[in-house]
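See structure below.
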Amino acid sequence: MARTITFKQAINEALDQEMGRDPTVLVMGEDVAGGQGTQGEMDAWGGVLGVTKGLHPKYGDRVMDTPISESAFVGAAIGAATAGMRPVVELMFNDFLGVCFDQIYNQAAKFKYMFGGKAQTPVVIRTICGAGMRAAAQHSQSLYAIFTHIPGLKCVVPSTPYDAKGLLIESIRDNDPVIYFEHKQLYQMEGEVPEESYTIPMGEAQIVREGGDVTIVTLGEMVHRSIQAADELAKTGVECEVIDLRTTSPLDEDSVIESVESTGRLVVVDEATPRCGMATDISALVAQKAFGSLKSPIEMVTAPHTPVPFADNLEDLYKPDANRIAAAARSVMEYQAWAPASSSS
Amino acid sequence: MARTITFKQAINEALDQEMGRDPTVLVMGEDVAGGQGTQGEMDAWGGVLGVTKGLHPKYGDRVMDTPISESAFVGAAIGAATAGMRPVVELMFNDFLGVCFDQIYNQAAKFKYMFGGKAQTPVVIRTICGAGMRAAAQHSQSLYAIFTHIPGLKCVVPSTPYDAKGLLIESIRDNDPVIYFEHKQLYQMEGEVPEESYTIPMGEAQIVREGGDVTIVTLGEMVHRSIQAADELAKTGVECEVIDLRTTSPLDEDSVIESVESTGRLVVVDEATPRCGMATDISALVAQKAFGSLKSPIEMVTAPHTPVPFADNLEDLYKPDANRIAAAARSVMEYQAWAPASSSS
Amino acid sequence: MQTETQSPSTTTSLDKQDLLEAYRQMKTIREFEERIHVEFAKGDIPGFVHLYAGEEACAVGVCTHLNRGDYIASTHRGHGHCIAKGVDVHGMMAEIYGKATGVCRGKGGSMHIADLDLGMMGANGIVGGGPPLVCGAALALKQAGGEGVAIAFVGDGGSNQGTTFESMNLAKVWNLPAIIVVEDNGYAEATSSNYTVASGSNADRARGFGLPAVRVDGHDFFAVHEAAGEAISRARTGGGPSLIECKVNRYYGHFEGDAQTYRGPDEVKKLRETRDCISNFARQTIDSGQIEPSELEAIDRGVMQLIESSVAAARQAAKPEAAELLTDVYVSY
Amino acid sequence: MQTETQSPSTTTSLDKQDLLEAYRQMKTIREFEERIHVEFAKGDIPGFVHLYAGEEACAVGVCTHLNRGDYIASTHRGHGHCIAKGVDVHGMMAEIYGKATGVCRGKGGSMHIADLDLGMMGANGIVGGGPPLVCGAALALKQAGGEGVAIAFVGDGGSNQGTTFESMNLAKVWNLPAIIVVEDNGYAEATSSNYTVASGSNADRARGFGLPAVRVDGHDFFAVHEAAGEAISRARTGGGPSLIECKVNRYYGHFEGDAQTYRGPDEVKKLRETRDCISNFARQTIDSGQIEPSELEAIDRGVMQLIESSVAAARQAAKPEAAELLTDVYVSY
Ligand SMILES: Cc1ncc(C[n+]2csc(CCOP(=O)(O)OP(=O)(O)O)c2C)c(N)n1
Ligand SMILES: Cc1ncc(C[n+]2csc(CCOP(=O)(O)OP(=O)(O)O)c2C)c(N)n1
Ligand SMILES: [Mg+2]
Ligand SMILES: [Mg+2]
């Protein structure tokens with residue numbers, strides 16, 4: 001599989017292939033085509049960052065521009081899903097969940113349960129997350145923890161072009177509501193992606209780097225910074241195993257636990273804010289289910305408990321980088337238990 | 001302080017005393033008076049469960065009924081706060097955050113930071129949380145983890161009439177946006193409450209029961225079930241220290257860590273769903289900062305990863321009870337570390 | 001509030017069978033609600049229960065036009081819409097009692113009764129939750145290329161939720177076969193629609209979005225039926241969305257247990273005597289000679305039996321198995 | 001789209017100083033934006049930047065009526081509103097460059113410029129975020145008992161957000177001194193307002209909520225000024241909320257970097273030649289003999305100097321201290 005394309009192209013290809021394969025797949029959102037009602041070109045934008053470009057010319061009115069009414073059109077995608085369609089709706093930035101959240105967590109997420117199993121809501125909500133673009137506090141958040149907290153939703157956070165395509169096709173075919181996060185800093189990332197259609201199952205984390213000393217659990221863009229840190233540490237003889245969660249809900253508990261059982265040390269790396277987030281979620285999982293294997297405290301490397309700042313120097317400080325990740329890994333390596341710690345009651 | 005009143009009365013008294021003391025305190029929400037525009041009585045309801053009854057007759061148009069337009073009136077409370085008022089706005093059930101969340105987490109929570117410190121938003125959002133009333137999936141959630149995840153917000157979850165009054169007065173005087181959660185199952189709880197006005201600081205947990213064997217960290221209605229469990233366990237010689245967080249943001253890390261340092265064992269009890277919630281938040285805190293003192297895995301007792309069911313028998317199973325809490329405490333007591341666990345690397 | 005209410009008309013496309021069926025449905029809703037009111041007072045029914053008694057002509061006047069393939073979305077006050085769309089009465093009663101035999105196997109309760117197979121998208125605990133979902137159902141029907149329509153019922157309170165306005169706009173922009181039926185029963189909980197609905201008229205608001213809109217007397221089955229017929233045939237033939245505002249009243253409190261001190265003295269008593277949709281329907285159809293009193297009495301007997309047996313069955317039915325707590329969260333996980 | 005645009009009028013309550021000040025403000029906004037367009041192209045300015053060039057008459061026509069104690073809330077396209085409400089140009093430029101000398105100390109950027117002390121509640125990265133906040137400011141002003149007003153600017157795109165509709169309704173229900181100014185510049189990003197605004201008229205929608213509403217030519221300072229004057233004095237005297245719809249155009253892309261292939265050929269060129277609010281204002285005021293060309297030239301020189309010095313200062317200014325990352329999250333924590 002020698003072909004190399006970008007993360008953005010991989011998403012576009014997944015949408016194209018699924019729309020071609022299944023007529024019930026619809027794409028809707030603000031400017032997903034662009035140009036509606038104007039004097040100029042249709043498909044002028046293909047979404048704010050061009051991810052859906054080319055779909056409207058090919059699939060016509062199955063690709064729908066919307067007013068800026070997220071509650072109505074995200075809700076419409078959800079309603080259409082319960083009525084037999086497989087809509088892929090774009091919530092331009094995940095920061096905008098606040099204007100349509102009810103339809104996602106009280107409606108889509110709960111239908112099947114509230115209705116005693118008699119409903120199915122195969123909708124995919126694609127949304128951009130992440131800091132680094134100088135887009136400031138309302139366009140740079142990573143809010144997957146909020147969706148992971150809600151039973152009934154699935155959350156996908158791909159980190160490579162290959163995963164982006166396979167996980168999006170899986171998400172579209174999945175019969176539950178899926179929130180699919182696209183980190184804006186990954187769109188230009190290149191990687192090998194098969195031209196044919198393929199899926200990657202939900203709830204299967206990937207060990208992207210093997211190592212026996214420290215387990216680093218992470219997701220999204222942080223996967224690459226974690227690998228960078230691991231490569232640095234390798235030079236000093238510390239071998240980190242880096243696990244890319246790929247989906248936060250369902251969560252691949254086994255891969256995390258098995259790795260910690262072999263390394264005895266855990267660092268969790270997440271770009272999101274620290275409270276009630278994925279870093280705490282993974283830490284708690286391990287503190288409960290792999291405690292016996294832990295040789296040192298669990299370290300979390302996350303953004304601070306602050307909004308995302310605009311100034312470039314501050315935003316760079318906001319995001320965890322390879323140095324902070326490496327420092328955390330070193331600290332768990334260097335930890336020396338005092339007497340009380342090593343004696344069991 | 002011999003006077004005994006209910007949790008509901010304590011909240012009403014706090015509102016009354018602060019409205020009397022500070023003319024900038026406003027109360028707004030759906031039916032917080034009730035009767036607007038009708039042929040019948042004004043102040044017919046005082047909120048869906050009568051918590052604000054009596055305020056409108058006393059404070060007139062400082063107590064405002066609203067249309068069912070949460071984004072507009074919660075946003076209005078926030079805007080009024082930036083313009084010098086101290087609004088206390090009622091979001092009837094916290095389950096409804098989905099129709100007004102943007103105003104809370106992108107606006108109120110971020111103003112001060114985005115504006116370089118040049119803004120202050122002293123708004124209080126009162127909201128009902130919790131299961132147990134057979135109110136089903138959209139009226140029974142406990143969603144404080146979502147607010148705790150957001151920097152810029154403060155979260156208050158009182159468990160007694162005394163705390164309800166002191167924390168609400170503190171919240172109203174506080175200059176940051178505060179989300180104040182009222183567990184519906186606590187409204188009828190009675191307790192001693194001073195008539196005079198008093199405040200309880202943010203970020204100060206309370207040790208509601210002392211014990212040296214197991215630390216139980218909890219909040220809201222679960223405080224009482226945890227005490228019940230602790231009393232049961234005491235009969236078998238196991239002494240639990242029960243910590244009521246009272247506020248999740250800010251969080252009293254020290255009280256939690258100190259207690260675990262003395263007991264070496266932690267059980268976290270939360271009524272909310274398990275993923276990315278307060279249970280994981282506290283577990284992670286301890287796994288990072290008190291690891292050396294831990295003698296056994298951290299146990300979490302929470303609701304399952306499901307919506308809240310309607311049927312009474314299922315809802316009762318949904319909520320953690322004293323038996324499940326006691327079982328978790330017993331399991332951390334009985335834990336025997338195997339060789340690997342007790343040897344430090 | 002200005003009354004641009006259409007003068008009720010009994011001239012109608014309905015044949016005798018249709019009239020009897022409409023009566024049967026209204027009567028079924030009424031007795032279903034009256035009985036729940038009684039059982040709730042005994043403490044036998046848990047949770048929040050919102051009764052539709054008094055508003056039957058709205059649900060039935062609209063749904064009489066619908067096929068199984070059409071969709072409706074309802075509100076927290078959903079029993080009437082469910083029955084009018086054909087949801088099984090035994091299953092509904094059992095659901096309200098929280099039993100395993102309920103339409104939602106006891107996991108949803110009164111506020112979440114749904115039956116997608118019948119095009120009933122669900123009652124909804126979130127005010128204003130339905131209109132966006134209905135835009136979606138209408139979109140699915142439009143994509144499918146048939147003549148299906150989707151209808152969102154909202155209350156006067158729900159008419160102030162941003163989702164309702166956004167949905168009117170989206171339905172118009174996408175020219176969807178979607179209809180919004182506003183049931184203005186005078187109150188949102190304890191607050192008057194005179195106070196909360198600026199301009200006083202949801203029809204005026206809808207016209208602001210370019211939707212054809214009428215206000216009708218929601219107590220008059222024939223007025224509702226006629227207005228709905230126009231809007232629905234317009235939608236079925238590609239004419240896009242409409243709004244129908246039904247001025248109506250509820251006979252009971254916001255929910256069971258509401259003392260209703262916000263209502264005028266005898267307000268409900270007068271309404272029952274003068275504006276009752278079912279007695280008016282009976283009088284009109286009997287006076288016009290279309291129906292015999294005995295025919296209605298026969299229907300009444302059948303309805304009473306149905307309600308009685310549904311309550312008896314619901315009482316005896318088993319609660320859901322404990323294992324049900326963890327099922328139905330996902331299709332696969 | 002039907003044009004019910006009021007015929008522009010130059011008869012006005014404005015004296016010469018007012019006219020010169022209005023010109024100075026429009027010119028300041030224009031040059032501020034033109035310069036940012038140039039600097040952005042050089043790669044010196046980070047993030048998303050939305051330019052207001054072409055729409056100056058809207059912000060200035062409205063804000064000329066306002067006092068420091070009045071409030072406005074803006075949008076992502078906020079530079080013009082900020083300048084019109086008196087925010088410091090040096091501070092704004094520095095903020096857009098992300099420097100410590102910025103009005104928000106570099107922590108907010110172009111989309112979050114605010115100055116509460118001046119009644120500027122902030123640009124907003126959330127479309128439709130402003131109207132609810134403005135209802136709150138209006139409520140605060142009403143409670144304070146003065147004659148203050150609060151104004152929400154929203155775009156045609158923002159006019160479809162539920163928050164805007166809810167706010168119109170709430171402002172009417174509470175009879176607030178709140179005004180919504182819809183700046184319909186023809187596009188929401190790449191999508192036409194002809195497509196997204198059902199009924200085509202925000203004025204019609206507002207009337208549906210009982211709000212007095214007019215549509216004016218947003219290129220005509222005098223038309224905007226007159227309409228705003230009426231709405232604002234109505235609000236100041238207890239007459240409640242209004243809506244003003246300004247039909248206008250933007251000269252640049254949605255944000256800097258937008259190729260604008262959705263626009264017609266020469267669309268902007270024609271606009272600049274025929275509808276430019278600043279040249280039209282100059283021509284009208286000169287032709288009417290109210291103002292001398294030399295007076296405008298003097299203002300132009302001052303504006304150019306101001307912009308030049310603000311850019312020079314912003315370039316040289318220091319970035320925020322690292323410690324700033326963690327400050328200003330809470331007043332106390
Ligand atoms: C978003 C939201 N806000 C508030 C509520 C609480 N609530 C439930 S029903 C109701 C009143 C609804 O009034 P209306 O829409 O007129 O319907 P009606 O009860 O009169 O049938 C309210 C405020 C809710 N369920 N959802
Ligand atoms: C809630 C929300 N949805 C979408 C966006 C993305 N977005 C930013 S500006 C914009 C277009 C706004 O159009 P309009 O309101 O007409 O303002 P204009 O840009 O024309 O001044 C969109 C869709 C956003 N910032 N917030
Ligand atoms: Mg009502
Ligand atoms: Mg626009």
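A note on names: the letters A, B, ... follow the listed sequences, proteins ahead of strands, and every chain is numbered from 1.
Comparing B:Gly35, B:Ala135, B:Pro309 by how many heavy-atom pairs each has under 4.5 Å with chain C, the most go to B:Gly35. For the set C:Gly128, C:Pro320, C:Ala322, the entry with the most heavy-atom pairs within less than 4.5 Å of chain B is C:Pro320. Between chain B and the options C:Gly264, C:Gly106, C:Gly155, the largest number of non-hydrogen pairs under 4.5 Å is found for C:Gly106. When each of C:Gly109, C:Ala198, C:Ala100, C:Gly129 is scored by its heavy-atom pairs under 4.5 Å with chain B, the top score falls to C:Gly109. Among B:Val308, B:Leu314, B:Val48, the residue with the largest count of heavy-atom pairs under 4.5 Å with chain C is B:Leu314.
Taking all atoms of both residues into account, the shortest heavy-atom contact from B:Ala311 to C:Gly98 is CB-O, 3.5 Å. Taking every heavy atom of both residues into account, C:Gly158 and B:Ile68 meet most closely at N-CD1, 4.3 Å. The minimum heavy-atom distance between C:Leu325 and B:Pro304, with the atom names listed, is CD2-CG, 4.0 Å.
You'll find the side chain of C:Cys104 stays beyond 4.5 Å of the side chain of B:Phe310, heavy atoms only.
Only the backbone of C:Ile96 comes within less than 4.5 Å of a heavy atom in chain B; its side chain stays farther off.
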Using only the distance criterion (under 3.5 Å, no hydrogens considered), which donor-acceptor pairs connect chain B with chain C?
from: B:Asp31; atom 1: OD1; to: C:Ala190; atom 2: N; distance (Å): 3.1
from: B:Asp31; atom 1: OD1; to: C:Thr191; atom 2: N; distance (Å): 3.2
from: B:Asp31; atom 1: OD1; to: C:Thr191; atom 2: OG1; distance (Å): 2.5
from: B:Gly35; atom 1: N; to: C:Ala190; atom 2: O; distance (Å): 2.7
from: B:Gln36; atom 1: O; to: C:Ser192; atom 2: N; distance (Å): 2.9
from: B:Gly37; atom 1: O; to: C:Ser192; atom 2: OG; distance (Å): 3.3
from: B:Thr38; atom 1: OG1; to: C:Tyr262; atom 2: O; distance (Å): 3.0
from: B:Gly40; atom 1: N; to: C:Tyr262; atom 2: O; distance (Å): 2.9
from: B:Glu41; atom 1: N; to: C:Thr261; atom 2: O; distance (Å): 2.9
from: B:Glu41; atom 1: OE1; to: C:Thr261; atom 2: OG1; distance (Å): 3.4
from: B:Trp45; atom 1: NE1; to: C:Asp258; atom 2: OD1; distance (Å): 3.2
from: B:Asp65; atom 1: O; to: C:Tyr195; atom 2: OH; distance (Å): 3.1
from: B:Ile68; atom 1: O; to: C:Gln161; atom 2: N; distance (Å): 3.4
from: B:Ser69; atom 1: OG; to: C:Asn160; atom 2: O; distance (Å): 2.7
from: B:Glu70; atom 1: OE1; to: C:Gln161; atom 2: NE2; distance (Å): 3.0
from: B:Gln138; atom 1: OE1; to: C:Gly125; atom 2: N; distance (Å): 2.7
from: B:Gln138; atom 1: OE1; to: C:Ile126; atom 2: N; distance (Å): 3.4
from: B:His305; atom 1: NE2; to: C:Tyr330; atom 2: OH; distance (Å): 3.0
from: B:Phe310; atom 1: N; to: C:Lys107; atom 2: O; distance (Å): 3.2
from: B:Ala311; atom 1: N; to: C:Gly106; atom 2: O; distance (Å): 3.0
from: B:Asp312; atom 1: OD1; to: C:Lys319; atom 2: NZ; distance (Å): 3.0
from: B:Asp312; atom 1: OD2; to: C:Lys319; atom 2: NZ; distance (Å): 3.2
from: B:Asn313; atom 1: ND2; to: C:Pro320; atom 2: O; distance (Å): 2.8

